[in-house]
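Inspection log for the structure reproduced underneath, given as structure tokens.
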Amino acid sequence: MNVFSHPEFDNHEHLSFFCDPETGLKAIVAIHNTSRGPALGGCRMYPYASDEEALRDVLRLSKGMTYKSALANLDLGGGKSVIIGDPRKQKSEALLEAMGKHLESLGGQYIAAEDSGTSVPDLKIMGRHTQNVAGVAERMGFDGKPSNGDPSPATAWGTFVGLKAAVKHQLGRDDLTGLKVAIQGIGNVGFRLAKHLKEAGAQLWVYDIFADNMQRAVDELGATPASAEDILYLPVDVVAPCAMGAVLNDTSIPKLKAKIVAGAANNLLERADHDQALKDRGILYAPDFAINAGGIIDVFYERTGASPDTVREHVNGIGDTLKEIFIRSDRSGLPTGTIANELAEERFRKHVAKVESLTERLARVG
Ligand code: NAD
């Protein structure tokens, strides 16, 4: 297995492979970049078919966090971890404790949060051995409601704000009354997004692989149930994928009828150039790592102890970031995904330059 010459390696600062035979823990921690601050990112548990698959996933996700945090103007670096194993069969308290000890050994360079296959209680178990877990503190949430640390409400709110910015840009309207939105995946984020949209007067179509999740949106929000085959291709204004990645691809893009794609799922584009394919069809794509940054913003402030108003204001900034991306895309003719990457790199460089000049100034004074 190649590491330094891996196609996704991209100058990662740190990679550690951790094995604990007693508990069956096999984990990889990837820290892409810490120039803006400690690397914060989810700890995913997944039954990867091979070590190579796990390595590729962690490297891609970790770099993605550098970009997401820079674009969201957070003093955080990018990192991610994966535990190789089936969370329904192989997760145990002992395994999570062993992971906590490994996180502690990294000295705070990487901070883990929940991700697919892990939950707030799992992170709390890891937290018995380390402070380097996030999204676990009970506090007043950004919405003024008590929170257990779960970032999903902030992610859903940020996605709603970003969706509104996309509607304003593409359809020229502020009012969402009667706006038709199809949501794929009615889980933690998808259901909350649906609720915000319903409250704003939108009409909803929903699909989830679990019938009870879908039924809840039908019963509580008056949504119309759709099928797995149809959900992305309904004649609606907005498609909001909130389940899994790679749903925007060579097969799906030609069949989309919506004029906007704005959803919370990570890695929506199967290939980077699929943003161009969306642009060619006149579809406005809200880049996933811009629109779904509410959760990382919320988790960041858990560590600084900011007020709910501060968190909410920062999450609301997702709308401004998207507006900037859309305007630059129109001006340059480049697709929105490319622009989002450029803007993230710009914000990253600006921050690093500021820190460097501060260090130089301090050195002169000292
Ligand atoms: P979740 O597991 O609570 O919800 C996902 C939902 O999608 C589940 O109800 C699941 O049954 C459904 N689903 C799975 N496969 C599906 C399919 N093929 N078709 C339709 N539905 C399907 O997860 P979540 O926390 O709501 O996150 C949703 C997405 O947003 C994920 O891609 C996640 O990575 C991303 N995201 C979440 C957060 C967060 O704060 N939770 C932050 C950033 C990004």
Side-chain angles (χ1 to χ4, degrees), residues 40-46 57 60-61 64-65 67-69 71-72 74 78 80 82 87-88 112-120 122-123 134-136 141-143 147-163 182-196 205-218 223 225-234 239-249 251-252 261-270 286-302 311 315 318:
L40 200 156
C43 172
R44 176 169 290 190
M45 183 162 186
Y46 188 78
D57 203 30
R60 292 185 71 229
L61 291 165
M65 290 310 297
Y67 277 66
K68 189 187 290 200
S69 287
L71 190 61
L74 294 169
K80 203 89 179 185
V82 294
R88 281 157 301 173
E114 69 168 311
D115 204 275
S116 328
T118 61
S119 62
V120 172
D122 295 338
L123 268 293
V136 292
F142 78 99
D143 50 6
S147 158
N148 68 353
D150 178 4
S152 308
T155 303
W157 179 254
T159 306
F160 174 65
V161 169
L163 189 151
I183 307 178
Q184 182 187 48
I186 304 295
N188 284 319
V189 176
F191 184 80
R192 289 180 170 95
L193 172 65
K195 206 156 175 251
H196 295 314
W205 281 259
V206 293
Y207 173 71
D208 195 290
I209 46 169
F210 289 118
D212 52 344
N213 284 4
M214 189 155 68
Q215 197 55 43
R216 187 172 162 218
V218 172
S227 68
E229 295 72 29
D230 289 348
I231 189 71
L232 295 177
Y233 312 124
L234 294 169
V239 163
C242 295
M244 71 264 188
V247 295
L248 300 173
N249 51 45
T251 312
S252 66
V261 179
N266 280 312
N267 300 326
L268 279 174
L269 305 174
E270 188 174 271
D288 47 21
F289 69 100
I291 199 169
N292 72 16
I296 188 83
I297 294 170
D298 187 52
V299 167
F300 169 76
Y301 283 112
E302 173 191 287
V311 185
V315 175
I318 288 174

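All values derive from a computational prediction rather than experimental measurement. Remember, it's 1-based here, ligands and their atoms both numbered in the order they're listed.
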Query raised in the report: Hey, does the side chain of N188 reach the backbone of S152 with a donor-acceptor pair shorter than 3.5 angstrom?
Result: no

Query raised in the report: So does R216 pair up with D208, basic N to acidic O under 4.0 Å?
Result: no

Query raised in the report: Can you name the residues that come within less than 4.0 Å of ligand 1, going by heavy atoms only?
Result: K68, P151, S152, T155, Q184, G185, I186, G187, N188, V189, Y207, D208, I209, F210, N213, C242, A243, M244, A264, A265, N266, N292

Report task. Assess whether side-chain contact (heavy atoms from CB on, under 4.5 Å) is satisfied between L61 and N267, documenting all intermediate values. Result -> CA-CA 9 Å; L61 291 165; N267 300 326; 3.9 Å; yes

Requested in this report: Give a yes or no on this: more than 12 heavy atoms of other residues, nucleotides or ligands lie within 6.0 Å of atom OH of Y233.
Outcome: yes

Requested in this report: Please determine which of L232, V247, I231 meets the side chain to side chain contact (heavy atoms under 4.5 Å, CB included) test together with V239.
Outcome: L232

**Report entry** side-chain hydrogen bond (donor to acceptor under 3.5 Å, both in side chains) assessment of S119 paired with D122
**Finding:** CA-CA 5 Å; S119 62; D122 295 338; 3.2 Å; yes

